[in-house]
Amino acid sequence: QVQLVESGGGLVQPGGSLRLSCAASERTFSSAFMGWFRQAPGKEREIVAVINWTGAITYYADSVKGRFAISRDGAKKTVYLQMDSLKPEDTAVYYCASNSRGSDLTRHSAYDYWGPGTQVTVSS
């Protein structure tokens, strides 16, 4: 059964850090590109970061470059999003998703499976 489950969200002050985790089933993890998206209230879902199955290829949205880092652990079938220097505008529900085709990696419609999401709130 295909399954993605995010964890690690919470409330953090501006300038703080969080690490999100996404546990995946073998079927979604072994050959897919994995992406993190986020959606703030009243806004469209947007790409945050993407990583390929070896971890050698990564992509970051301009808004998070230099602050966020995506990684994956094959043995644990887990994808991580390390978020540093958090800003109030990073507040959103964060989702992980898998893309088996390896194309249109910044478009949420190109992703096959999604986790339920985890809330990240950056506020003082």
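The side-chain heavy atoms of Ser123 and Pro88, taken from C-beta on, include no pair separated by under 4.5 Å. Contact check for Thr118 versus Val93: no side-chain heavy atoms found under the 4.5 Å cut-off. Counting only heavy atoms from C-beta outward, the side chains of Asp84 and Phe68 never approach each other to under 4.5 Å.
Rounding to the nearest 0.5 angstrom, the gap separating the OG atom in Ser100 from the OH atom in Tyr113 is 7.5 Å. Put simply, CE on Met34 and CG on Leu81 are 12.0 Å apart, with the number rounded to the nearest 0.5 Å. Atoms CH2 and SG, from Trp114 and Cys96 in turn, are 9.0 Å apart once rounded to the nearest 0.5 Å. If you take CD on Gln82 and OG on Ser71, they are separated by 8.0 Å, rounding to the nearest 0.5 Å.
Asp90 has no carboxylate O lying under 4.0 Å from a charged side-chain N of Lys87, or vice versa, which leaves the two without a salt bridge.
Closest approach of Ala61 to Ile47, counting heavy atoms only: CB-O, 3.5 Å. Listed here is the closest heavy atom pair of Pro116 and Leu4: CD-O, 3.4 Å. A pairwise comparison of heavy atoms in Ala110 and Arg101 identifies O-NH2, 2.8 Å as the closest pair. When all heavy atoms are compared, the tightest approach of Phe33 to Val50 is CD2-CG1, 4.0 Å. Between Phe37 and Leu105, the closest heavy-atom pair is CZ-O, 4.2 Å. The heavy-atom pair separating Thr91 from Ala40 by the smallest distance is O-CB, 3.7 Å.
Of the possible polar contacts, none joining the Thr121 side chain to the Leu11 backbone as a donor-acceptor pair under 3.5 Å is found. With hydrogens and angles ignored, the 3.5 Å screen pairs a side-chain donor or acceptor of Asn52 with a backbone N or O of Gly55. Counting only distance, with no hydrogens or angles, the side chain of Asn99 and the backbone of Ser103 share a donor-acceptor pair below 3.5 Å. Using modelled atom types, one side-chain atom of Ser25 and one backbone atom of Gln3 make a donor-acceptor pair closer than 3.5 Å. Of the possible polar contacts, none joining the Arg45 side chain to the Gln39 backbone as a donor-acceptor pair under 3.5 Å is found. Between the side chain of Tyr60 and the backbone N or O of Ile70 there is at least one donor-acceptor pair closer than 3.5 Å.
For the side chain to side chain donor-acceptor pair (under 3.5 Å) criterion with Tyr94, the lone passing option out of Glu6, Arg38, Gln119 is Arg38.
More than 12 non-hydrogen atoms from other residues, nucleotides or ligands lie less than 6.0 angstrom from CD of Glu89.
Judged by the 6.0 Å and 45° rule, Arg72 forms no cation-pi pair with Tyr80.
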Might you work through the side chain to side chain contact (heavy atoms under 4.5 Å, CB included) test for Leu18 and Val120, ending with a clear yes or no?
CA-CA 9 Å; Leu18 283 175; Val120 171; 3.9 Å; yes
